[in-house]
Amino acid sequence: MKEKLLNNLGLKVASLVLAFAVWMAVVNISNPIIDDSQVVGIDVRNEDVLEAANLTYEIVGKDTVTVSYQVRTRDRSLVKASDFHAYVDLKDYNVTGAIPITVEINRDKENLVKSDTITAKPMVIRIDTEELQRKKFDLQFRIKGTPEEGYALGMVTLLPDSVTVEGPESQIGQINHMGIEIDVDNANADINAVASPVFYDANGNEMPDMANKVTVNRHEIEYHVSVLKAKNLSINFEVSGEVAKGYRYTGLECSVKSVPVVGTKSVLASLTSLSVSSDKLNIDGATSDKVVQLDLSQYLPPSTSVAGDEYKNVTVKLKVEPLTTRVFALNLKNLDKKGAEADYDYSFDKETTDVTVKGLKEDLDALTEKNLNAVLDVSDQEAGPHPGMVTFEVSAGFEVVGYTPFNVIVAHKDPGPATVESSTTATSAEVPESQ
């Protein structure tokens, strides 16, 4: 088989070349008409017709059309998609939303393409209309980064401070607010720059695709940020008053720990803390936590100011908790004794005494009998029963309310056998001598 294919190979190749040349000659001589097509983008004309009716539109499906036409073979390469113009006229809009597509060809190509052979597929385009809405948004700003150490941000100015957005009602409804982002990382001087407005949803997330669905009257927002020399001052809140009986003030919580204050170098050098004294910090008669809002800028020394608006509405919580009691059972035999004498024995009419201690529940849960430091006072007590007297040394925050009464029984120690015998012998020896 291989030998048959290779026989007269040169003659066979020459036949193929000759056949192709004959075909090209026939085509060039006859130059037949063929069908061809191009994909062309669709333009929209007279948009102001819908705008005047306070409507906006959106094309349903593709915004391109396939243009078919007839052209002679030799002219095919001369016709491009850019030679055609496909458009819809919104003057032809009707309630069905279907608008016919018109296709035109450049005049310089009219002699190459027969106009009566030009067709478009599809022949119509559909559009959806919606109420057009215009809404004004006050611009907010987000700070990214932190200034150089020893500096703080002052006033931020936006120009303009609002923008107007226009678009379909359904799209405008998705926008919660608008703003710009300002980078102040390592800043040590005033900042002047521009930024593009950003769309945000109700959760504060950016909406980058919204820029293609609506129009904004300003695409650049100028901003100025004052960067000031600052000193962080610790805050000293001066709390006054007494809580209700049975309750205790347990401390203060604040949303900020310190405040950056700007001023002259000499003034800042003399400041170490910021004292805040206010009627709002009074806890007279309080039986629960008290939450107040304070503007720290009102408590600054002369010739100083707060760097940042967030310090003009600071949340302060004054914590008030109820007192409770806990009972501890003390074993009387284990108590340390004060003033005990070696010649006496000490016993009790009961084994334990119940001690009631008042304090905060969390603190009482951690307290033990040993922490009471109880001492039994038996100073100058002679033989016989005596009321038990116990003293306590407890940490601050605790109060020993009382303990159940008991008696201490003091008795002479019994002399041992050796002591009795020696005493008897000494007595016997003394009798003859006296006689």
Q. Will you find, in the side chains of Tyr346 and Gln381, an N or O donor that is under 3.5 Å from an N or O acceptor?
A. no
Q.
Quiz question: by atom type and distance under 3.5 Å, do the side chains of Asn186 and Glu148 form a donor-acceptor pair?
A. no
**Q.** Test item: Asn334 side-chain N/O and Asn331 main-chain N/O as donor-acceptor pair under 3.5 Å
**A.** no
Side-chain donor/acceptor pairs under 3.5 Å, residues 166-175, sequence neighbours excluded:
residue : atom : partner : partner atom : Å
Glu166  : OE1  : Arg134  : NE           : 2.4
Glu166  : OE1  : Arg134  : NH2          : 3.0
Ser170  : OG   : Glu130  : OE1          : 3.2
Ser170  : OG   : Glu130  : OE2          : 2.8

Q.
Checking the side chain of Tyr247 only, and the main-chain atoms of Leu323 only, is there a donor and an acceptor separated by less than 3.5 Å?
A. no
Q.
Under 3.5 Å, is there a donor on one side chain and an acceptor on the other for Tyr57 and Glu47?
A. yes
Q: State the OH-OG distance between Tyr311 and Ser297, to the nearest 0.5 angstrom.
A: 12.5 Å
Q.
Less than 6.0 angstrom from the centroid, inside 45 degrees of the normal: does Lys319 satisfy that with respect to the ring of Tyr249?
A. no
Q.
What I want to find out is whether Lys312 reaches Asp295 closely enough, with some N-O distance under 4.0 Å, to be called a salt bridge.
A. no
Q.
Could you check whether His177 and Phe137 have their ring centres less than 6.0 Å apart?
A. no
Q. Do the two ring centres, one from Phe398 and one from Phe392, sit under 6.0 Å apart?
A. no
(Q) The criterion is salt bridge (charged side-chain N to carboxylate O under 4.0 Å, His left out); which residues satisfy it with Asp43, sequence neighbours excluded? (A) none
